[in-house]
Amino acid sequence: YFFIVLKNVQFAVRWNILGAVLAYSLPLIPHSLSGWLLELSDRFILEKFIPLSAIGIYSLGYQFGSIVNLVASAINSAWAPFVFRIVKQNPLDVEKRISRLATYYVLVLSAVFLLISLFVREANFILTSHSFHSAYLVAYWVTLAQLTQGLYYIPVNFLFLRKKTQYVPFVTLASAIVDVSLNLLLIPRYGMIAAAWSGFASKIVMVIVVSLIANKVYPIPYEYGRIGKLLSVVLALFATSLLIPSGTLWVSLAEKSALFVSFPLFLYCLQFFTPDEKHGIISTLKNLGFSKGKPLL
């Protein structure tokens with residue numbers, strides 16, 4: 001393929017833009033290296049202090065929890081170019097639109113987090129042998145960490161938008177230092193679960209640092225009140241699920257399904273939805289057959 005391209009493409013260096021390109025892209029090298037350190041250092045440290053079988057359990061729990069990040073990454077693939085486009089178009093309400101869409105992004109991500117975290121224990125028991133059943137304990141903390149990392153995607157895109165990529169490595173490096181330090185401190189004493197704790201703590205640092213920097217580079221009036229209600233409900237339901245005793249599979253599934261269904265109901269009671277959103281929800285339900293006095297089927 002390379003030789004075919006050589007026959008059809010003429011290579012040239014555009015010196016007038018080379019400096020800008022390098023200034024934008026070179027900081028992403030230490031950013032990527034710090035990200036690699038952040039994601040993989042726990043495995044190397046775990047190998048020094050715990051048995052190989054425990055590392056297998058940890059890796060399984062990590063895979064369960066990483067589903068949240070798969071969704072966050074997929075949404076970010078559409079979010080980033082959309083934000084770049086509407087900022088370039090510069091409509092009058094661009095910050096307001098971005099703020100509202102950020103709230104919807106957190107809503108979707110929170111729903112995915114709640115779905116995974118509520119049922120990961122049951123999925124763990126169904127899909128794995130008895131020796132791997134403790135993996136869900138790791139998955140709980142990993143899902144929390146991945147939810148937090150999903151929040152990181154919102155502000156970091158504004159550093160790329162304003163071509164302030166020189167700040168990005170400091171964000172990931174600060175997070176990596178916290179992660180490695182806590183791993184070295186806690187894993188020898190608490191084992192594999194400490195690696196999950198450290199990952200969660202490092203993601204919190206990542207979100208705080210990038211939010212502070214991005215707010216100076218491109219301030220957005222986020223709907224902090226609505227996002228606060230949203231995360232409070234999600235974390236309260238998650239904490240409640242941890243109190244549910246490990247009974248029969250079907251009873252546990254029914255109880256946790258009830259918790260998941262209550263998620264939008266609690267948001268409604270806390271007046272999370274705006275009047276326009278309530279009207280849209282009611283219209284959608286009517287179109288699906290939930291109109292007053294009319295059965296669904």
**Study point:** Option passing side chain to side chain contact (heavy atoms under 4.5 Å, CB included) with F113 (candidates L231, T148, T143)
**Key:** T143
Review point. Can you say whether the rings of Y62 and Y58 are parallel (under 30°), tilted (30 to 60°) or perpendicular (over 60°)?
Key: tilted
Review point. Taking all non-hydrogen atoms of both residues, which atom of R226 and which atom of F272 are closest, and how far apart?
Key: NE-O, 2.9 Å
Practice item. Kindly assign one of parallel, tilted or perpendicular to the pair F158 and Y218, based on the angle between their ring planes and the thresholds 30° and 60°. Key: parallel
Study note, to complete from the structure: Scanning both residues in full, the closest heavy-atom pair of V171 with Y152 reads CG1-CE1, 3.9 Å
Check your understanding: Would the number of heavy atoms belonging to other residues, nucleotides or ligands and lying under 6.0 Å from CZ of F2 be above 12?
Key -> no
Review point. So, does S32 use its side chain to make a donor-acceptor pair with the main chain of L28 at under 3.5 Å?
Key: yes
Point to revise | Close side-chain approach of I220 to I98, heavy-atom, < 4.5 Å | key: yes
Check your understanding: Out of L259, V233, L144, which residue meets the side chain to side chain contact (heavy atoms under 4.5 Å, CB included) rule with F238?
Key -> L144
Check your understanding: Just wondering, do L237 and F263 contact through their side chains at under 4.5 Å, heavy atoms?
Key -> yes
Check your understanding: Looking only at heavy atoms, which two atoms of N183 and A194 are closest? And how far apart?
Key -> OD1-O, 4.1 Å
**Study point:** Minimum heavy-atom distance between P27 and A23, given as atom pair plus value
**Key:** CD-O, 3.3 Å
Exercise for review: Return the orientation label for the F44 and W36 ring planes: parallel under 30°, perpendicular over 60°, tilted otherwise.
Suggested key: tilted
Review point. Which pair of non-hydrogen atoms, one from V210 and one from P155, has the smallest distance, and what is that distance?
Key: CG1-CG, 3.6 Å
Review point. Hey, what's the ring geometry for F200 with W141, parallel, tilted or perpendicular (30° and 60° as the breaks)?
Key: tilted
**Study point:** Side-chain touch H133/T128, heavy atoms, less than 4.5 angstrom
**Key:** yes
Check your understanding: Judged by atom type as modelled, is there a donor-acceptor pair below 3.5 Å linking the side chain of K256 to the main-chain atoms of L118?
Key -> yes
**Study point:** Check: N124 side chain, F132 main-chain N or O, donor-acceptor pair, under 3.5 Å
**Key:** yes
